[in-house]
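Here's the structure, in structure tokens; my notes come after.
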2 protein chains.
Amino acid sequence: MKLTELKAIQLAELFSSLSDASRIRIIAQLMGGEMSVRSLADGLGMTESAVSHQLRGLRQMHLVRARKSGRQVFYSLDDDHVSRLFTLGLDHVQHG
Amino acid sequence: MKLTELKAIQLAELFSSLSDASRIRIIAQLMGGEMSVRSLADGLGMTESAVSHQLRGLRQMHLVRARKSGRQVFYSLDDDHVSRLFTLGLDHVQHG
DNA sequence: TGAATATATGAGCAATTGTTCATATATTAA
DNA sequence: TTAATATATGAACAATTGCTCATATATTCA
């Protein structure tokens, strides 16, 4: 298959976004619906700062989207590509 | 969604395997069928050493498989999860 | 306005990563 | 056996990454 260097880099960046256990766990939580930064941090046992740093990267790669309400920010998965990549990956890990 | 820490780590490792442009280009080449280390290296403009190092990681994650024939080793994609992850990722990068 | 709360961000540091270079192993041919 | 070829591997180094800590911004409430 032919692939421009740019597309290769973009693809690598996309998968990079999913290449850390903390980010995977953030995404797993968001599979259940939108959550605030604090409740993500509480649920994951991470600091809000660490979660916020990770969410920034996920946002930049359009894996999550933010909705502001008052002083909270609720995050959710951006589109269904994300959960499809997630479950396809889980498939690969579980079977063969 | 609930996810054990082990599964989170395994998923992250899987996506890590796809998180580098060189590895993405190796996989793109292998979408066309099996290739030797040398022809991969030639086609990608990488040294055989660099390609071999990367193939080792891909092999360990069961993304590629090796078939030895004489003094050459031919690599191919391990199963269809790989190309499905690849094309799903490409989808995400191209649209939305 | 000022205090409290929720999130974001920059600097800095330890840990990880991808490559090169040198060398090792394995196979074939002479 | 020796030389040549194909691949693999270990060490080392620069570059990147994910966290903590301190601080900044934004919003609500008194």
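A, B, ... follow the sequence lines: proteins, then strands. Residue 1 opens every chain. Note that the structure is a prediction, hence the values are computed from the model and not measured.
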### Task
Output the residues of residues 2-38 of chain B in contact with DNA chain C, where contact means a heavy atom of the residue under 4.0 Å from an atom of the strand; sort by number or write none.
B/Asp20, B/Ser22, B/Arg23

### Base D/dT9 paired with B/Ser49 side chain (donor-acceptor, <3.5 Å)
yes

### Task
Quick one: label A/Gln72 by what it contacts on the DNA or RNA (base, sugar-phosphate, nothing), any heavy atom closer than 4.0 Å.
sugar-phosphate

In this structure, how many angstroms lie between the [atom2] atom of [N] and the [atom1] atom of [X], rounded?
X	N	atom1	atom2	answer
B/Arg65	D/dT7	CZ	P	18 Å
B/Glu48	C/dT23	CD	P	18 Å
B/Asp42	D/dT7	CG	C1'	14 Å
B/Met61	C/dT17	CE	P	12 Å
A/Arg59	C/dT7	CZ	P	12 Å
A/Leu55	C/dT9	CG	P	11 Å
A/Phe74	C/dA8	CZ	P	12 Å
A/Arg71	D/dT27	CZ	P	11 Å

Is any side-chain N or O of [X] closer than 4.0 Å to OP1 or OP2 of [N]?
X	N	result
B/Lys68	C/dA26	no
B/Arg56	D/dG10	yes
A/Thr47	D/dT20	yes
A/Gln54	D/dC19	yes
B/Tyr75	D/dA6	no

### Query
Under a 4.0 Å N-O cut-off, is there an ion pair linking B/Glu34 with B/Arg65?
no

### Task
Please confirm whether the backbone N or O of A/Leu88 pairs with a side-chain atom of B/Arg84, one donor and one acceptor, at under 3.5 Å?
no

### Message
Is there aromatic stacking of B/His53 on D/dT9 here, judged by a ring-centre distance under 5.5 Å and a plane angle under 30°?
### Response
yes

### Message
Just so I know, are the side chains of B/Leu90 and B/Phe86 near enough to count as touching, which here means a heavy-atom distance under 4.5 Å?
### Response
yes

### Query
Tell me, do B/Leu18 and B/Met61 make a side-chain contact under 4.5 Å, heavy atoms counted?
no

### Query
What orientation do A/His95 and B/His81 show, parallel under 30°, tilted 30 to 60°, or perpendicular over 60°?
parallel

### Query
Shared ILVMFWY cluster between A/Ile27 and A/Phe74, side chains joined below 4.5 angstrom?
no

### Query
Is there a path of hydrophobic side-chain contacts, each under 4.5 Å between heavy atoms of I, L, V, M, F, W or Y residues, that connects A/Met31 with A/Ile24?
yes

